[in-house]
Amino acid sequence: MSFEYHEPTSLAEAVDMGARFGAAGRFLAGGTDLIIQMRRGTVAPEHVVSLHRVPGLGAIDANGGIQVGALVTHRAIERSPAFQGRLRALVEAAEVVGGHQVRNVGTVVGNVINASPAADVVPVLLTLDATVVCAGADGERRVALEEFLVGPGRTTRRPGELVTAVHFASPPERSASAFLKAGRRRAMEISVVCVAAQLTLDTTGERCEKARVVLGAVAPTTWRAREAERVLEGRPVTPQALHDAGRAAAAECRPISDVRASARYRRLLVETLVPRALARCIERLRNAR
Amino acid sequence: MSKLSLTLTINGERHEVHTEPHRTLLDVLRVDLGLTGTKENCLEAECGVCTVLIDGQAVNSCILLAPQCVGRDVLTIEGLARDGVLDPLQQAFIDHGAVQCGYCIPGMILSAKAFLEERPAATEAEVREALAGNLCRCTGYQKIADAVVSAARATATRR
């Protein structure tokens, strides 16, 4: 590792440095991915721009939608009262990222930018239709998270652009969420498959109004199972409907076989975990009444 | 590449360090300051032997750049005993025979320290989850968990 190190003290200064260094620079937040990648030599920036002295980026802003700043750690998500209740899945995902030491410094925005198909927090953000807030020389732009993620480790972030936050609307009433992860052990593990679900019921409390089913580690990016969502929306949330959603998700996902699991096993996990996550949403909705 | 002059607060003492920006807190602790109680192993935040506390939170010092630690309080295993008296956690590890080869122990104790500060009445299951980021190659987890749980109970009784 060898680089020039910078510590901007304002957002404007950070954005300016990003624009100046372009592809030769990298922003540093928690560093749980970046430092390891630099040590392995898979990335070798000439300039590292640490964000830890930029004010405001560590905030979770829950006024009018929810904005999670670039320095918000997994630990902060776990501890924040804003993410109990309907946003519980976000906590469930944050609390299985690495061990305590990693969660104390690793950030949600870093999880997004690293763009691992097996990321834990990203599927939950996709169920929330999150947008990514990017700041560059030409000002700010907002990109749908689904369009931001294009492949393993690949995003539509432009060279030098700073992702300042992820943003999402508060889920409506009669909504619940759940996150489930399958790994070979329960901690410090990369997902074999993970599933995030978000369910909104209609006023009768029986029928699904809106569903989001998002899968991790079964496609080149974190991936919405649209067929499964279609199976659910407008239907009563019966055990049969949940089962059908699981089958649809298993049929439409595109897993590969690798060191962690075979494609076939991943499909079986999807078929099992999708109905289980949806059932958990329903249970939470019933308990919230 | 230019060197940086950093003032680091470690175990309550201020240290002036001149170092390249790519060096980690772990490098500075072990090489520049001779604080070798913090161990080095995987260098990828997987094993936890390099765990130190920054402002009371457990972190892997192998992936933290030294300049990121300026203005923050770093606690290493050398700073845990006070006036020659071991921390109750350290004493509990001795009492339970929780130390085998010893390499993982500084990290184990500091992870446990941060966790018990936050959750003094922790159960064994919670302790095990809190120590998930610390690996013991001797696989001595049972006695380690026993030691931490007993330290938690002792502290809870005193309060």
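Per chain, numbering begins at 1; letters A, B, ... match sequence-line order. The shown structure was predicted, so the numbers you read here are calculated from the model rather than taken from an experiment. Atom set for the values below is all heavy atoms of this structure, side chains included, hydrogens, waters and symmetry mates excluded.
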Grab the two heavy atoms, one from [X] and one from [Y], that are nearest each other, plus how far apart they are.
{"X": "Phe3(A)", "Y": "Pro21(B)", "result": "O-CG, 3.4 Å"}
{"X": "Ala132(B)", "Y": "Met188(A)", "result": "O-CG, 3.2 Å"}
{"X": "Arg185(A)", "Y": "Leu135(B)", "result": "NH1-CD2, 4.3 Å"}

Heavy-atom count check: over 12 atoms from other residues, nucleotides or ligands less than 6.0 Å from [X] [atom1]?
{"X": "Arg137(B)", "atom1": "CZ", "value": "no"}
{"X": "Tyr265(A)", "atom1": "OH", "value": "no"}
{"X": "Arg79(A)", "atom1": "CZ", "value": "yes"}

Chain A neighbours within [range], where any heavy atom lies under 4.5 Å away:
{"range": "residues 36-52 of chain B", "value": "Leu43(B), Glu44(B), Ala45(B), Glu46(B), Gly48(B), Thr51(B)"}
{"range": "residues 25-35 of chain B", "value": "none"}
{"range": "residues 66-95 of chain B", "value": "Pro67(B), Gln68(B), Val70(B)"}

inquiry  = Tell me which of these, Arg75(A), Glu7(A), Gln101(A), Met38(A), has more heavy-atom pairs under 4.5 Å with chain B than the rest.
reply    = Gln101(A)
inquiry  = At a heavy-atom distance under 4.5 Å, which candidate from Leu28(A), Val105(A), Thr32(A), Val48(A) has the highest pair count against chain B?
reply    =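 Greatest number of close heavy-atom pairs with chain B: Leu28(A).
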message = Rounded at 0.5 Å granularity, tell me how far CG in Asn104(A) sits from CG in Asp55(B).
response =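 These two atoms lie 11.0 Å from each other.
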task = Name the option with the most non-hydrogen atom pairs under 4.5 Å to chain A; the candidates are Arg128(B), Glu118(B), Arg23(B).
result =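 Winner by heavy-atom pair count: Glu118(B).
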request  = Could you tell me whether the side chain of Arg39(A) reaches within less than 4.5 Å of the side chain of Thr24(B), counting heavy atoms only?
outcome  =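 Thr24(B) vs Arg39(A): side chains touch.
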request  = Go through the atoms of Val102(A) and report whether side chain, backbone, both or neither lie under 4.5 Å from a heavy atom of chain B.
outcome  =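 Answer is both: backbone and side chain atoms of Val102(A) are under 4.5 Å from chain B.
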ask   = Side chain, backbone, both or neither: which part of Glu95(A) has a heavy atom under 4.5 Å from chain B?
value =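 For Glu95(A), backbone heavy atoms alone lie under 4.5 Å from chain B.
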message = Report which part of Leu65(B) has an atom under 4.5 Å of a heavy atom belonging to chain A: side chain, backbone, both, or neither.
response = side chain
Side chain to side chain contact (heavy atoms under 4.5 Å, CB included), paired with Ile63(B), selected from Ile35(A), Asp33(A), Leu34(A) = Ile35(A)
inquiry  = Which residues pass the side-chain contact (heavy atoms from CB on, under 4.5 Å) test with Ser5(B), not counting sequence neighbours?
reply    = His18(B)
ask   = Taking atom types as modelled and ignoring hydrogens, do the side chains of His100(A) and Gln57(B) form a donor-acceptor contact shorter than 3.5 angstrom?
value =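 Gln57(B) and His100(A) do not have a side-chain donor-acceptor pair below 3.5 Å.
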